[in-house]
Structure formats: structure tokens, C-alpha cells
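So the structure is just underneath, and the comments pick up after that.
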2 protein chains.
Amino acid sequence: MNEMTRQPATLQAVADAAGVHRSTASRALNPDKAHLIGPDVVERVQAAARRIGYQRDELAAGLRTKRSRLIGIVVPDLANLVFAPIVSAIETVLAANGYSALIANAGGGVARQIQIIDQLIAHRVEGVILATAQRDDPVVTRCAEAGVPAVLVNRAEEKARVSTVISNDICGMRLAVEHLVALGHRRIGHIGGPSHLSTGALRLEGFGKAMAEAGLDADAVVTAEAYTRDAGRAAAIELLDRHDLTAVATANDLLALGLYQELRARGLRCPDDISVVGHNDMPMIDMVDPPLTTVHIHQADMGRQAAELLLARIGKPETDTVTRVIDSELVVRGSTAPPRG
Amino acid sequence: MNEMTRQPATLQAVADAAGVHRSTASRALNPDKAHLIGPDVVERVQAAARRIGYQRDELAAGLRTKRSRLIGIVVPDLANLVFAPIVSAIETVLAANGYSALIANAGGGVARQIQIIDQLIAHRVEGVILATAQRDDPVVTRCAEAGVPAVLVNRAEEKARVSTVISNDICGMRLAVEHLVALGHRRIGHIGGPSHLSTGALRLEGFGKAMAEAGLDADAVVTAEAYTRDAGRAAAIELLDRHDLTAVATANDLLALGLYQELRARGLRCPDDISVVGHNDMPMIDMVDPPLTTVHIHQADMGRQAAELLLARIGKPETDTVTRVIDSELVVRGSTAPPRG
DNA sequence: TGACGTCGTGCAATCGATTGCACATACTTT
DNA sequence: AAAGTATGTGCAATCGATTGCACGACGTCA
């Protein structure tokens with residue numbers, strides 16, 4: 001019950017307390033090497049370690065072993081609800097495997113992102129998970145240069161240079177359109193996400209394909225500047241000014257909320273006047289008014305798989321890069337109904 | 001343009017490239033010590049560093065300097081929307097000061113939390129920010145033992161051992177009650193948070209005081225097991241079964257949502273039959289049906305201040321512990337109205 | 001009894017950067 | 001011109017843990 005509060009106990013202190021050399025103590029404390037040491041000594045060292053409250057210094061150990069047990073996670077914005085479940089799931093998997101998560105907001109532009117990734121590299125992260133990927137992402141390039149394994153989640157690059165876990169964006173948007181068509185809608189518009197993001201591009205593609213299959217025109221399309229309510233509303237204004245629609249499929253729930261606001265401002269009612277379908281099924285979106293019909297993506301599952309992919313890669317660097325596409329599902333709530341008349 | 005991808009450049013390599021000793025290179029690259037070195041040499045070293053793509057190894061540097069430039073953040077659940085803005089703000093401040101955030105989910109019990117904090121300590125975090133504090137928290141004790149500066153955010157301990165940033169829980173709840181009283185409500189109930197959390201205890205206290213000041217009985221009180229929708233609904237069932245109320249003030253928005261569900265199940269309408277006030281004003285809560293009247297707490301501000309407090313403490317360890325109480329504000333939306341009849 | 005394994009432990013180098021100290025050079029000062 | 005003072009660099013120890021190698025002790029077998 002010593003007062004070990006001032007100077008954290010070092011391995012040398014344990015060794016002294018147990019009357020052995022510090023290398024012996026090191027081995028005794030390492031499950032993988034403990035068999036090299038006599039059982040009685042192992043016991044003695046472990047007892048000493050417990051007694052003086054020894055805690056291994058990951059920093060020092062990492063210097064020698066080149067293993068920081070740190071994984072970097074980069075998200076566009078932690079406060080964005082879409083990413084919370086993904087990050088949470090990633091962290092859980094990492095923790096279960098003895099890794100800690102170094103999480104960074106990458107709000108700003110690409111320059112800032114590079115800066116962030118360099119910061120992570122400086123901490124010798126063993127790998128990174130990026131939720132920020134653009135269709136051609138300089139950050140991925142930077143990771144490759146630095147030899148840091150990277151995995152993409154939620155957003156993909158145009159050509160898959162690294163392992164990636166995304167939802168089936170094309171298929172998801174198809175579900176949305178098919179649902180609207182089945183309800184009897186013909187004049188269907190689309191509020192798309194930024195085109196430099198895979199989600200924006202692929203969901204737009206899915207929209208086009210599904211509309212064509214239904215024999216409908218897909219010309220009522222406006223692209224939002226960002227995945228925000230405000231950008232959604234701005235896009236909605238443009239879309240509604242230019243087209244006479246009975247339904248809109250949006251690339252993202254926040255965009256749908258922006259559309260909600262504009263509908264309300266125009267005195268239009270959802271779903272009576274216009275049906276709306278979102279995308280992502282972010283937390284709480286089931287509580288909005290009206291409850292949003294949306295495409296549910298398995299965020300926790302994506303996060304988990306991304307983490308597992310990265311850990312596998314770290315364990316076996318020559319592993320092939322794979323792209324996992326997670327199917328999404330339509331969740332019908334109150335924002336869609338047959339068109340009037 | 002060398003292929004530096006395999007072995008990351010070391011300081012020694014920079015020194016060699018610049019034709020100086022590595023200690024000189026170290027100083028030339030450190031803004032605080034660069035003045036010790038000749039301007040021309042500094043220039044030469046920096047050029048060399050740039051040329052071979054040198055990146056300082058925080059791990060190795062930290063070993064010597066005892067500065068990891070890492071801050072631990074512990075939250076109950078990253079996927080919980082209440083914490084997202086707080087964590088996001090913390091991370092932003094840390095990044096601006098050259099620190100990185102090591103974030104951990106502390107879902108499980110106290111044992112798991114201790115394990116997590118030990119993991120953080122093993123990474124030699126220079127400080128931790130805890131959003132998990134119980135009224136008497138063993139994790140805080142553990143930090144004190146290990147000599148790691150800690151700051152509490154959102155939830156406080158009963159006796160302030162470390163600096164803390166919380167919202168004015170008592171006052172916030174008073175605002176809620178006063179609002180309901182002003183509308184004409186007399187029979188007002190309360191769904192409280194877990195009593196081992198400061199938010200639960202203080203908001204309950206605020207409820208009692210405000211009711212007393214209004215000359216009303218504060219006996220319609222039920223405590224929820226946790227801050228979740230399900231626990232809120234369970235508490236709502238008990239509360240509604242036992243009391244005939246016209247309004248309920250809840251300790252948390254999620255609890256209010258649970259109450260919403262139960263009201264709907266019973267065919268009661270909000271605010272026509274029962275008014276509801278939430279607490280926290282979490283993201284998106286303005287979009288629920290009906291839009292929730294709630295007490296807005298300045299989450300980003302709290303996160304920012306917590307981070308600043310911690311950084312100040314790290315810079316100057318003898319700093320006094322302070323408790324910052326951030327005033328909250330009532331946001332009136334659609335879930336409150338005068339009682340009928 | 002001597003050669004040879006095996007097993008357990010200690011020694012010392014190593015990871016990469018930082019820093020107190022010593023030393024050499026140049027520049028004042030009297 | 002000698003002594004004294006900046007000024008700029010190099011040397012080597014240091015942070016804490018890991019690990020290849022060597023060495024001593026013990027046991028076995030011939």
C-alpha cells in the first residue's frame with residue numbers, strides 16, 4: 001500500500017522488488033514469454049508488480065516494438081449523428097482487441113485533413129479508418145506513402161485502393177424509388193449529395209437507374225452542397241421552383257429535413273402533397289414529424305466490419321484489399337403515401 | 001522525391017542529410033530552441049527534413065519529455081447524441097492546441113471504467129476528461145492516485161475533487177417548472193434521472209424547490225433507471241398510473257420521448273392532455289412530434305470550457321480546481337400549452 | 001567422468017528524440 | 001594582447017521496455 005502516486009512504478013522497480021533483472025521481469029509479465037521463466041519467479045514478479053501498482057508504459061514499449069496499439073479514426077464531424085453509431089462500433093471492436101482509438105474531426109478542407117493524418121502518423125498509429133473519403137482522396141495517398149494501413153467506411157474512393165466498407169448506395173436508392181413508384185408516383189425528384197462523395201454519386205446513379213427501369217424521366221435532380229439541413233433546404237427551393245413533383249427521394253436524412261422545412265414554408269404537406277424518402281435512418285429520425293420513411297443502413301455493422309478489416313490487415317499485411325457492400329433496407333414510416341388524385 | 005515509404009525518416013537521417021549532429025537537428029526543428037542554432041544551419045536542417053519527408057515521432061519524443069500530447073476522453077456512450085456535441089467541441093480545442101483525443105466508450109460498469117482509465121494511463125495521457133462521473137466516482141480516485149489531471153464535464157461528483165463543467169441543473173429545472181406554472185398547471189409530475197448521477201439528483205432537487213416556491217406538492221416523482229427512451233417509458237407508466245397530471249417535467253429529452261410513446265399508447269395527446277418539458281435540447285429534438293419544449297444546455301460551450309480547464313491545469317498543475325456552472329435556457333416549442341378546462 | 005542439451009536468467013544494445021554539459025570559435029572589453 | 005563572454009555544435013546520457021545473445025547450472029547419456 002505504498003504511496004506510488006508521484007512516480008509511476010517502472011519495470012525496473014518491479015524487478016528490484018522481485019529481486020530479478022528487469023529483462024526477466026519483462027518476460028514474466030508478458031504472457032507470450034512467461035514460459036521462458038521459472039514458474040516460481042513468474043509468480044514472484046507478478047506479485048511484486050501488483051504490490052507496487054506497476055503499469056506497463058505503452059509508449060516506451062511501443063518505441064521498441066513499433067506497436068503503438070493506437071488506431072486513428074477520422075470523421076467529417078463527430079457531432080454529425082450519422083457517424084456516431086459507426087465510430088461507437090469501431091471503438092468497441094478496437095477496445096476488445098486491446099487497441100485505443102485516436103479520433104479526429106476533419107471538418108475543414110483537404111489541407112487540414114492531411115495535417116490531421118500527419119498528426120496521427122506522428123503518434124505512430126498502426127492503422128487508420130477514414131469516414132471522410134472523397135472519390136479520389138489525397139489522404140489515402142498520404143497513408144499509402146507513409147505505409148499506414150487504411151480502411152474506408154461509409155464513403156468509398158472511385159477506384160478501390162484500400163479495403164472499404166460501404167452500404168449498397170445504388171441498391172438503397174433503388175428501393176426508395178421503387179417504393180414511390182409502387183405507391184403510384186410518377187413525377188419524382190431527387191436531392192443529391194455532393195458529387196465528390198461516393199454516397200452522393202452512387203445514390204444519384206441509383207436514382208437514375210431506378211427511374212429508367214420504371215420508364216420515368218430522371219431530370220428533376222438538384223445536388224446539395226453538403227449533407228446539412230440548410231443545404232437540403234437550398235436544394236429543395238431550387239427543385240420545387242423548377243419542377244412540379246409528387247415525391248422526392250433524398251440522398252440523406254438531413255437533406256430530407258431541409259426539404260421538410262421548405263415544404264412547411266410553402267404550406268405544402270407531407271405526405272399529402274409530397275412524399276419524401278430519406279437515406280441513412282439516422283438515430284431519432286423516427287421521431288420527426290412526420291416520421292421519415294428512409295433507407296436504413298447498418299451503421300454499427302459497417303463500423304464493426306471496418307475495424308475488423310483493419311485489424312486483420314495489421315495482423316497480416318499482405319491481405320488483399322476487399323470491398324464490403326452492406327445491403328440496406330427500406331423503412332416505411334409516415335412521410336410517404338400515394339399521390340393525390 | 002525518394003521512396004521513403006518503407007522506413008519512416010528518422011531524425012538521424014535528417015541530421016546526416018544536413019551534415020550536422022542529430023542534437024543540432026533536433027534543436028533546429030524545435031521552434032523553442034531554434035534560436036540556439038545558427039540561422040543558416042536551421043534553414044539547412046529544415047530543408048533536409050522537408051526533402052526526405054521527416055516526421056517527428058511523438059512516441060519517442062514523449063518517452064524522453066514525458067509529454068504524450070494525448071488526452072483521454074471517457075463517455076458513457078459515443079452513440080448517445082447528448083455527448084456528441086460535447087466530445088466534438090473538446091476534440092476541436094485539443095486539436096487547436098496540438099493534442100490528440102483518445103476516446104473511449106465506457107458503457108459497462110465501474111470495473112470496466114477502471115480498466116479503460118488504466119488503458120489510457122498506460123498510454124501516458126497527460127489528462128482525462130470524464131463525462132461519466134457518478135456522484136462519488138472511483139475513476140476520479142484512480143486518476144488522482146495515478147497523478148493524472150482530470151476534468152469532469154456534464155456530470156459532477158458530489159464533492160468537487162476536480163475541476164468540473166456542468167450546466168445549472170437546479171436552475172434549468174426551475175425554468176421548466178416555472179414555465180408550466182405560468183401556463184396554469186398545478187398537477188405537475190417529474191420523471192427523474194438515475195439518482196447516482198448528479199444530473200438526476202440536482203434536477204430532482206430543482207424540481208422540488210421550484211414546486212415548493214409555487215406552493216405546489218412535489219410528490220408525483222418517479223426515477224428512471226437510465227437515460228433511455230425505454231427507461232423513460234417505464235417510468236412514465238408508473239407515474240401516470242399513480243397520478244392524475246396535466247404536465248410532466250423530465251430530467252432528459254430521451255426520457256421525454258419515452259413519455260411521448262406512453263402517452264400515445266394511452267391515447268393521450270400532447271400538449272392537449274398533458275404538457276411535457278424535456279432537458280438538454282439534444283440535436284434533432286426540435287424535429288420530433290410535437291416539437292419538444294426543453295431546457296437547452298450549451299453542450300459545445302461546456303466541452304470547450306472543459307478542454308480549456310484541462311489544458312490550463314496541465315500547463316500549471318498547481319491551479320485550483322474550479323467548478324463552472326453554465327446557465328441553461330428554456331426553449332419553448334410545441335409540447336407545452338395551458339391545461340384544459 | 002566428460003561431452004552435450006536444455007532451461008532459466010542476466011547483459012547490453014536498441015528504439016528515436018531530447019537535453020545538460022563541455023568545448024571550440026569568434027567577439028568584446030580593459 | 002590577454003582575459004572574458006557570448007554563441008553555436010557536438011557528445012553522451014536518458015526516458016522505459018524489449019530482445020538477441022551469452023553464460024551458468026543442471027541433468028542425461030555414453
Side-chain angles (χ1 to χ4, degrees), chain A residues 4 6-46 48-49 52-70 121-126 146, chain B residues 4 6-46 48-49 52-70 121-126 146:
Chain A
M4 301 310 302
R6 290 304 81 191
Q7 293 303 327
T10 128
L11 182 59
Q12 182 68 62
V14 175
D16 292 348
V20 297
H21 193 265
R22 68 178 185 284
S23 65
T24 304
S26 171
R27 289 188 262 252
L29 259 20
N30 180 339
D32 294 345
K33 312 257 167 133
H35 68 270
L36 296 171
I37 305 296
D40 50 334
V41 177
V42 170
E43 180 55 40
R44 189 148 41 93
V45 171
Q46 289 180 341
I52 67 179
Y54 170 71
Q55 174 122 47
R56 182 166 178 272
D57 185 331
E58 291 281 354
L59 234 72
L63 178 59
R64 176 67 218 249
T65 60
K66 306 277 191 188
R67 306 206 52 194
S68 62
R69 302 214 152 267
L70 254 28
I121 293 172
H123 280 289
R124 291 294 180 259
V125 293
E126 294 181 36
Chain B
M4 302 309 303
R6 289 306 79 192
Q7 292 305 325
T10 123
L11 181 58
Q12 182 67 62
V14 176
D16 292 348
V20 298
H21 192 265
R22 69 177 185 284
S23 66
T24 303
S26 171
R27 290 189 259 253
L29 260 20
N30 179 340
D32 293 344
K33 312 255 166 136
H35 66 93
L36 295 172
I37 305 295
D40 50 334
V41 177
V42 170
E43 181 55 41
R44 189 148 41 92
V45 171
Q46 290 181 342
I52 68 178
Y54 169 72
Q55 174 121 49
R56 181 166 178 274
D57 184 331
E58 291 281 355
L59 235 70
L63 179 59
R64 177 67 218 246
T65 59
K66 306 277 192 189
R67 308 206 50 197
S68 62
R69 300 213 155 269
L70 254 27
I121 293 173
H123 280 290
R124 290 294 179 262
V125 292
E126 294 182 37

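As the structure is a computational prediction, the values presented were derived from the model and not from experiment. Each chain gets a letter, A, B and so on, in the order the sequences are listed, and its residues count up from 1.
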Taking C:dC15, D:dA17, C:dT9 as options, the one with an atom nearest any side-chain atom of A:Leu63 is C:dC15
Of D:dC15, C:dG16, D:dA17, the nucleotide closest to the side chain of B:Lys66 is D:dC15
Euclidean distance, atom [atom1] of residue [X] to atom [atom2] of [N] [Å, nearest integer]:
X: A:Ile121; N: C:dG16; atom1: CD1; atom2: C1'; result: 17 Å
X: B:Arg124; N: D:dA17; atom1: CZ; atom2: P; result: 7 Å
X: B:Leu11; N: C:dC15; atom1: CG; atom2: C1'; result: 13 Å
X: A:Asp40; N: C:dC7; atom1: CG; atom2: C1'; result: 13 Å
X: A:Leu59; N: C:dA17; atom1: CG; atom2: P; result: 13 Å
X: A:Arg64; N: D:dG20; atom1: CZ; atom2: P; result: 7 Å
X: A:Gln12; N: D:dC15; atom1: CD; atom2: C1'; result: 13 Å
X: B:Arg69; N: C:dA17; atom1: CZ; atom2: C1'; result: 14 Å

If you look only at distance, which donor and acceptor atoms sit under 3.5 Å apart when one is on a side chain in residues 28-45 of chain A and the other is two or more places apart or in another chain?
residue, atom, partner, partner atom, Å
A:Asn30, OD1, A:Asp32, N, 2.8
A:His35, ND1, A:Asp32, O, 3.3
A:Arg44, NH1, A:Ala18, O, 2.5

Polar atom pairs between nucleotides 23-28 of chain C and protein, under 3.5 Å, N or O only, would you list them?
none

Does any N or O in the side chain of A:Thr65 come within less than 3.5 Å of the main-chain N or O of A:Ala61, such that one atom is a donor and the other an acceptor?
yes
So, the side chain of A:His21 versus the backbone of A:Ser23: is there a donor-acceptor pair under 3.5 Å, distance only?
yes
Can a salt bridge be assigned to the pair A:Glu126 and A:Arg67 using a cut-off of 4.0 Å between side-chain N and carboxylate O?
yes
At their closest point, which heavy atom of [X] faces which heavy atom of [Y], and how far apart are they?
X: B:Tyr54; Y: B:Thr10; result: CE1-C, 3.5 Å
X: A:Leu11; Y: A:Ser26; result: CD2-CB, 3.7 Å
X: B:Val14; Y: B:Ala48; result: O-CB, 4.1 Å
X: A:His123; Y: A:Leu70; result: O-CD2, 3.9 Å

Near DNA chain C, which residues from residues 27-36 of chain A have a heavy atom under 4.0 Å away?
A:Arg27, A:His35, A:Leu36
Please list, in numerical order, the residues of residues 16-26 of chain A that have a heavy atom closer than 4.0 Å to any atom of DNA chain C.
A:Val20, A:His21, A:Arg22, A:Ser23, A:Thr24
For residues 53-65 of chain A, the salt bridge (Lys or Arg N to Asp or Glu O under 4.0 Å) pairs (sequence neighbours left out) are A:Arg56-A:Glu58, A:Asp57-B:Arg124
Nearest-0.5 Å distance, CG of residue B:Leu59 to CG of residue A:Leu63:
6.5 Å
With axes from five pairs an end, tell me the bend angle of the helix from C:dT1-D:dA30 to C:dT30-D:dA1, nearest 10°.
50°
Heavy-atom nearest nucleotide on DNA chain C taken for A:Arg44 and for B:Ala60; more 5' hit belongs to A:Arg44
